[in-house]
Amino acid sequence: MASISQLKGGFKIIQFINGAGKRKSLRLGKLSMQDAEMIRTKIAELNIAKIAGTDLKVETARWLADRPDTFYTKLVAVGLAAPRISELDPEPIEAPLISKFMDDYIAKRGDVKPATKEIWGQGKRGLVDFLGADRRLNQVTAGDAQDYKSKMLRDGLAPYTISKRLQFANKIFIYSVDHELISKNPFAKVKIVKTMADRKHFVSPQDTAKLLEAAPDQDWRMIIALARLAGLRTPSEVLSIKWSHIDWVEKIVTVPSPKTEHHAGKASRIIPLFPELRAEFARALEVDPQSEYLVDNPKFRRGSIGLHGWRNCNLRTTFQRIVKRAGLKPWPRLFHNLRSSRQTELAENFPPHVVCAWLGNSPKIADKHYNQVTPDHFARAIGKSGQSGFEEALQKALQSGTISGSTASHPVTRSVEFPEGNENRLNSKTQKRRGWDSNPWWAVTPTPI
């Protein structure tokens, strides 16, 4: 007997038990179930004849003789056919060198971003360093794959890094199998659980204000504002946005997105011109009204755009100094957590699909990498002092003199300057915010009740 298994993407595999009681598999590639069933019938007949030592039916023998070399070789590999012997047969094609094959694969993948290719390049170098530059695809065994994983563990690489490199190797050999260069993938069973310490950190409104004040110039102040107040990706989106992308009348901002531009309809997205952003933009225009980009330092763009497109640049070193100058301790993933903090803030006031549309990610990604549990959530949950975490923090800031205002002993409300024509106001009875003013900490006017 023989059975058909269907893999993801429509690929079919025929499996059978040979005379020695061992399970054998024959990959058919992507074809219809009707064609796969016809081949399954022939495979079953070949296997029965092999086990029983009987002659093949005439039509089965003719079918076997008509098989192309690539498929016939697969039948030989699983013991269902004898090798063809003919002086006219061409010399067997030698499998390519794995190093060259990976270079060709990376080069032809025009559907991925340059940053992804850089990561693949690291995986390629690691695999070639381990296997050797002269190793061919068909010479790599499952044992080599296990040894490669063991070496990375001995070298102290992080599980997440090891997982990425094994994923790349697995991708290469699956591609090789699909193109019938090898019969099986040696990395099929080599796995490692991706583990990464929780590196989320919420950058509070108060800390954001300190960062902005500690910025050495207007460019750095704008980088911080765009990353934290608009949730833009750094450096690609932060350094791509121009003043022409801002619609002051409709109060919206078009954000170019180099990371997702290769996806249909994802070259840019639209976000609201949040009130706190308006304040920063107005300040920037006063400093330099003639600039084209919001972050106008050309050195930053030169450092971020390589020969093949956007890549990471070293903004982190300077930003660490700014964080320390602000009296704060540097946190993990410095720029990512600015963006993550903004997503967490917006999620307090808007549905997930709206926030994700503004940030340019998905709810699944947001839950995994962006949304955070903040001290303010705990403070509100236990009803501490009868105030939200924000109000309590503001009271402490007033009492310590960090923020100037009226008598600190009085409770405070927040007064926000809304865009012209916006009908949203603070309700005098409920003291709750309404409308799209998602982050009112920026324009604070303490008023005694």
Name each donor-acceptor pair under 3.5 Å that joins a side chain in residues 119-141 to protein atoms two or more places apart or in another chain, with its distance.
unit_1, atom_1, unit_2, atom_2, d
Lys124, NZ, Asp103, OD1, 3.2
Arg135, NH1, Gln139, O, 3.3
Arg135, NH1, Asp144, OD2, 2.9
Arg136, NE, Glu94, OE2, 3.2
Arg136, NH1, Ala95, O, 2.8
Gln139, OE1, Arg136, N, 3.0
Thr141, OG1, Gly143, N, 3.4
Thr141, OG1, Asp144, N, 3.1
Thr141, OG1, Asp144, OD2, 3.2

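Arg325 places a side-chain heavy atom less than 4.5 Å from the side chain of Pro216. Annotation: side chain of Leu181 is in contact with side chain of Phe101 (closest heavy-atom distance under 4.5 Å).
Taking each heavy atom of Leu277 and Ala230 in turn, the nearest pair found is CD1-CB, 3.7 Å. Scanning all heavy atoms of the two residues, the minimum distance from Pro256 to Glu237 falls at O-CG, 3.3 Å. Closest heavy-atom contact between Gln343 and Asn371: CG-OD1, 3.5 Å. Scanning all heavy atoms of the two residues, the minimum distance from Val78 to Ser25 falls at CG1-O, 3.5 Å.
Cation-pi geometry between Arg342 and Phe335 is not met: the NZ or CZ atom fails to fall both under 6.0 Å from the ring centre and inside 45° of the normal.
Atom-to-atom distance recorded for Lys12:NZ and Leu26:CG is 14.0 Å, nearest 0.5 angstrom. Of the inter-residue distances, the one linking Ile43 atom CD1 with Ile48 atom CD1 reads 11.5 Å to the nearest 0.5 angstrom. Rounding to the nearest 0.5 Å gives a distance of 8.5 Å between CG of Asp219 and OG of Ser291. How far NE2 of His201 is from CG of Leu338: 9.0 Å, rounded to the nearest 0.5 Å. Separating the CG atom in Asp296 from the NZ atom in Lys242 is a distance of 11.0 Å, to the nearest 0.5 Å.
In terms of modelled atom types and a separation under 3.5 Å, the side chain of His179 and the main chain of Tyr175 share a donor-acceptor contact. Of the possible donor and acceptor atoms, one in the side chain of Ser240 sits under 3.5 Å from a partner among the backbone N and O of Ser236. Between the side chain of Ser341 and the main chain of Asn337, a donor-acceptor pair closer than 3.5 Å is present. Not a single donor-acceptor pair under 3.5 Å links the side chain of Arg67 to the backbone N or O of Leu75. Judged by distance alone, with hydrogens and angles left aside, the side-chain atoms of Asp217 form a donor-acceptor pair with the main-chain N or O of Trp220 at under 3.5 Å. The main-chain N or O of Tyr370 is found under 3.5 Å from a side-chain atom of Ser340 such that the two form a donor-acceptor pair. A distance-only check finds no donor-acceptor pair linking the side chain of His336 to the backbone of Arg333 [under 3.5 Å]. Panel note: side chain Asn47, backbone Asn18; no donor-acceptor pair is recorded below 3.5 Å. Looking at Ser268, its side chain never comes within 3.5 Å of a backbone N or O of Val255 through a donor-acceptor pair. Using modelled atom types, one side-chain atom of Arg221 and one backbone atom of Leu212 make a donor-acceptor pair closer than 3.5 Å.
Here the two rings, on Trp243 and Phe281, have centers that are under 6.0 Å apart. Remark: aromatic rings of Phe274 and Trp358 are close, center separation under 6.0 Å.
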**OP:** Could you check Arg339 against Leu359 for side chain to side chain contact (heavy atoms under 4.5 Å, CB included), going step by step and ending with a plain yes or no?
**Re:** CA-CA 8 Å; Arg339 177 171 152 84; Leu359 272 287; 3.4 Å; yes
Original post:
Between Ile4 and Ile13, does a side chain to side chain contact (heavy atoms under 4.5 Å, CB included) hold up when you go through it step by step?
Top reply: CA-CA 6 Å; Ile4 300 174; Ile13 292 180; over 6 Å; no
**OP:** Show your working on salt bridge (charged side-chain N to carboxylate O under 4.0 Å, His left out) between Arg228 and Glu276 and close with a plain yes or no.
**Re:** CA-CA 11 Å; Arg228 176 59 179 84; Glu276 55 270 36; over 6 Å; no
**OP:** Take Gln6 and Met33 through the side chain to side chain contact (heavy atoms under 4.5 Å, CB included) test and state the conclusion after the steps.
**Re:** CA-CA 9 Å; Gln6 180 164 308; Met33 185 58 75; 3.4 Å; yes
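Inspection of the Thr60 and Glu45 side chains reveals an N or O donor paired with an N or O acceptor under 3.5 Å.
Between Asp147 and Lys151 no salt bridge is recorded (no basic side-chain N to carboxylate O distance below 4.0 Å). Contact check on Asp104 versus Lys100 returns a salt bridge, with a Lys/Arg side-chain nitrogen under 4.0 Å from an Asp/Glu carboxylate oxygen.
Legend: side-chain hydrogen bond (donor to acceptor under 3.5 Å, both in side chains) pairs involving residues 27-39, not counting sequence neighbours, sorted by first then second residue: Ser32-Asp35, Glu37-Arg40.
Partners of Thr41 by side-chain hydrogen bond (donor to acceptor under 3.5 Å, both in side chains), not counting sequence neighbours: none found.
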